[in-house]
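All values reported here derive from a predicted model rather than from experimental measurement. Reckoned from all heavy atoms, side chains included, excluding hydrogens, waters and symmetry mates.
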Amino acid sequence: MVSKDERRPLGTTDCRMPLSGSTQNVALVIFFGVSLLKVLLVPSYRSTDFDVHRNWLSITHHLPVNEWYTADHSRHTLDYPPLFALFEKSISKLAAVLWGDSWVCLALLKDDNNVPDDACVWFCRASVIVSDIVLLVAVTVFVCSTSSSAKTRLHGKEVALITLTNAGLLILDHVHFQYNGFLLGLLILSITFIEKRRTTITLAGAFLFGSLIMMKHLYLPLGLVYFIFLLRHHCTSIVRFIILAVVTITSLGLPLVPFLLSTQPMTRDGVLQHGAQILSRLFPFGRGLVHAYWAGNAWGLYMGVDRVLNLGCRLLFGSEFVVDGKRLGRNGGGSTDGLVNDVPPAILPAVSPLFCIAFIVLFSAPVVLTLWNSKRSKRRKHLFTRAIASVAFTTFMFGYHVHEKAIMTSVLLYGLISFENIELARMFLRLSVVGHFSLLPLLFKKQELVIKVALWILHMCLSKHLLMVRFGRRLVTQWDWVVFGGLIAVVIFVEVIHPVFLGGVEKLQFIPLMLTSMVTAILNAILFARHFALLQK
């Protein structure tokens, strides 16, 4: 006689099942264990992003809403969307309750007097640790989801382990200082709800994604996947389309209400001017195509080629040379001098934001077509999750002024579905190794060297072991070992050889960052070329 659980359709799971309950308990144990490690990392190095968020606490606490996006007492101006500003406001309210309005952590300080006390450091670090509960909930819901396949269900504990112990999140959020775990948790929750394909839960997923965009607008390109998938698989009638539109507009509009009501003067021109000011902060195109530390993407590779061409032309023609009446080349300063400003290529043509958008749309087209051609009745395993991971990867590769940390979206999403088949497992393992490697230069002090390298290697070994239990020794190829050996060699050169033998040569200070960017850009380009086939498997 067949039991009830055996009659359950493949690809479904009930969170009341013993296996799922066990997964939830394991996820909690992992979360609390990793949280203890995060506490140990509190005294470690913190980047200027810590000063950025501390300044946002002070802005949202002391200034009226209509001045949040105009305050310029510090260079760390508010440049996240309104809902994240309100999130910072809620944290500042809690801080005021615990320590009072006059606490130095909430003070409007100048950049030359922006030194937090120990209590401020612990409070801000704790806010990141607590916000990671959203990631815990998201991962637990994902592995218990009715849209999870049997393979993901059977390996739920492993999925939770490689996600909650992710080395990139530990480096970015709990040393460098950001809230990526919290934001990615919202994204995973939204994706999980959409994957369920139940009307009410789908609408909740759409609302969550709209809220996520109002938290961090860099997730905006993923909206293309949401739009196509929901239009194709959810909007089976005009009524459903209208309801979805209302829910989406509500999620985008609600966070704007306090800002609209605070506009001075409350006129049409005043509202437009306030909106334009917010948009200018959210999209500061004047910062240039690449960050001071080039992300390992297409434009990092582009700038690297430009740098080599510039050097070659200077050696051949001198520090300044003219081609067809145009002065080319650059002598001193430039895209690797560590300054955040718009430094165009010296030789190659400048790349505009519109050009980047065109590339993102072009390389997202195969994903969009796959989603559109997929039948409503045929549920390919995690098709929506794969599509989001793919477009996130595309956005990282071709986005304007993309930071190296943007690769984490694809890393986490591929990790969630890495137990589906060996190709997805390889993509996750390779992308996480390269992506986490690209984050190592963010922790540039000697005392963090052991921490960052240990986190990188330990998470790689953990992921490799768990995936090899599932897929066997064929998971890792000889070329994977060659690449990993090459990355280790780069670490030795950057962290040991260059500081000892070349550290005193001022003109060669850019080499470690440029080498890291070029190596990761080449490897990411190879992975990007191969990732399109994953949508079909």
Side-chain angles (χ1 to χ4, degrees), residues 8-17 19-21 23-24 26-28 30-31 131-164 166 169 180-213 215-216 219 222-223 225-230 232-234 244 247-248 251 371 374 379-392 408-420 424 428 535:
R8 188 179 305 280
L10 185 66
T12 64
T13 187
D14 188 339
C15 286
R16 295 170 295 179
M17 293 173 61
L19 179 62
S20 295
T23 300
Q24 294 175 34
V26 169
L28 279 172
I30 295 169
F31 177 78
S131 71
D132 280 347
I133 292 176
V134 175
L135 180 62
L136 167 66
V137 173
V139 173
T140 304
V141 171
F142 182 89
V143 298
C144 291
S145 170
T146 54
S147 64
S148 295
S149 73
K151 293 174 184 177
T152 300
R153 172 159 48 93
L154 291 172
H155 296 280
K157 294 186 286 293
E158 290 86 345
V159 170
L161 184 57
I162 63 176
T163 304
L164 296 177
N166 187 278
L169 291 182
N180 292 287
F182 166 62
L183 296 171
L184 288 170
L186 292 177
L187 177 63
I188 294 170
L189 271 178
S190 173
I191 291 172
T192 305
F193 290 166
I194 298 293
E195 289 264 27
K196 284 177 179 290
R197 303 193 192 182
R198 297 177 184 173
T199 302
T200 304
I201 300 179
T202 296
L203 293 175
F207 187 90
L208 269 177
F209 180 69
S211 301
L212 177 64
I213 291 177
M215 276 275 191
K216 191 169 184 178
Y219 292 105
L222 304 183
V225 180
Y226 273 82
F227 176 75
I228 296 298
F229 187 85
L230 291 175
R232 183 64 168 168
H233 296 273
H234 174 76
L244 177 63
V247 169
T248 304
S251 67
L371 288 177
S374 62
R379 296 194 177 189
R380 189 178 300 164
K381 295 174 184 177
H382 295 299
L383 175 62
F384 183 65
T385 305
R386 299 184 196 194
I388 292 291
S390 176
V391 173
M408 290 306 301
T409 303
S410 295
V411 170
L412 253 69
L413 294 183
Y414 278 123
L416 293 175
I417 56 178
S418 58
F419 287 87
E420 293 287 354
L424 286 170
F428 163 69
L535 280 173

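- Using a 4.5 Å cut-off on side-chain heavy atoms (C-beta onward), Q24 and V143 make no contact.
- If you check the side chains of S374 and H233, you find a donor sitting under 3.5 Å from an acceptor.
- Residues H234 and T202 meet the side-chain proximity criterion, which asks for heavy atoms closer than 4.5 Å.
- T140 contributes a side-chain N or O that, together with a main-chain N or O of L136, makes up a donor-acceptor pair within less than 3.5 Å.
- F31 and I133 make their closest contact through CZ-CG1, 3.7 Å (heavy atoms, listed as atom of the first residue, atom of the second, distance).
- Between the side chain of S390 and the main chain of A387, no donor-acceptor pair closer than 3.5 Å is present.
- Put simply, CZ on F384 and CZ on F193 are 13.0 Å apart, with the number rounded to the nearest 0.5 Å.
- Looking at L183 and V134, their side chains never come closer than 4.5 Å, going by heavy atoms from C-beta outward.
- Side-chain contact between F182 and K216 is absent, with no heavy-atom pair separated by less than 4.5 Å.
- Across A206 and S251, no two heavy atoms sit closer than the pair O-OG, 4.3 Å.
- Contact of the L212 side chain with the L222 side chain is not registered, since no non-hydrogen atoms from C-beta on lie closer than 4.5 Å.
- F209 pairs by the ring pair (Phe, Tyr, Trp, His ring centres under 6.0 Å) definition with Y226, not counting sequence neighbours.
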Step by step, would you call L189 with T192 a side chain to side chain contact (heavy atoms under 4.5 Å, CB included)?
-> CA-CA 5 Å; L189 271 178; T192 305; 5.6 Å; no

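- Summarising the geometry, atom CG belonging to L371 is positioned 10.5 Å from atom CZ belonging to R232; distances are rounded to the nearest 0.5 Å.
- Of all heavy-atom pairs spanning H382 and E195, the tightest one is CA-OE2, 3.2 Å.
- Taken to the nearest 0.5 Å, the OG1 atom of T248 stands 4.5 Å off from the CG atom of L244.
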Derivation of the side chain to side chain contact (heavy atoms under 4.5 Å, CB included) call for L169 and L184 = CA-CA 10 Å; L169 291 182; L184 288 170; 4.0 Å; yes

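- For the pair F229 and I388, the minimum side-chain heavy-atom distance is 4.5 Å or more.
- In this structure the side chain of L416 never reaches within 4.5 angstrom of the side chain of I191, judged on heavy atoms.
- The shortest non-hydrogen separation linking A27 to A160 is CB-CB, 4.2 Å.
- To the nearest 0.5 Å, the span separating CG on L208 from CG on L187 amounts to 10.0 Å.
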Going through the distances and angles, do Y219 and L186 end up as a side chain to side chain contact (heavy atoms under 4.5 Å, CB included)?
-> CA-CA 11 Å; Y219 292 105; L186 292 177; over 6 Å; no

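- The side chain to side chain contact (heavy atoms under 4.5 Å, CB included) with I30 is formed by just one residue from the set V139, L161, T163; it is L161.
- Between F142 and I417, some side-chain heavy-atom pair lies under the 4.5 Å cut-off.
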Trace of the side chain to side chain contact (heavy atoms under 4.5 Å, CB included) decision for L412 with L135 = CA-CA 11 Å; L412 253 69; L135 180 62; 4.2 Å; yes

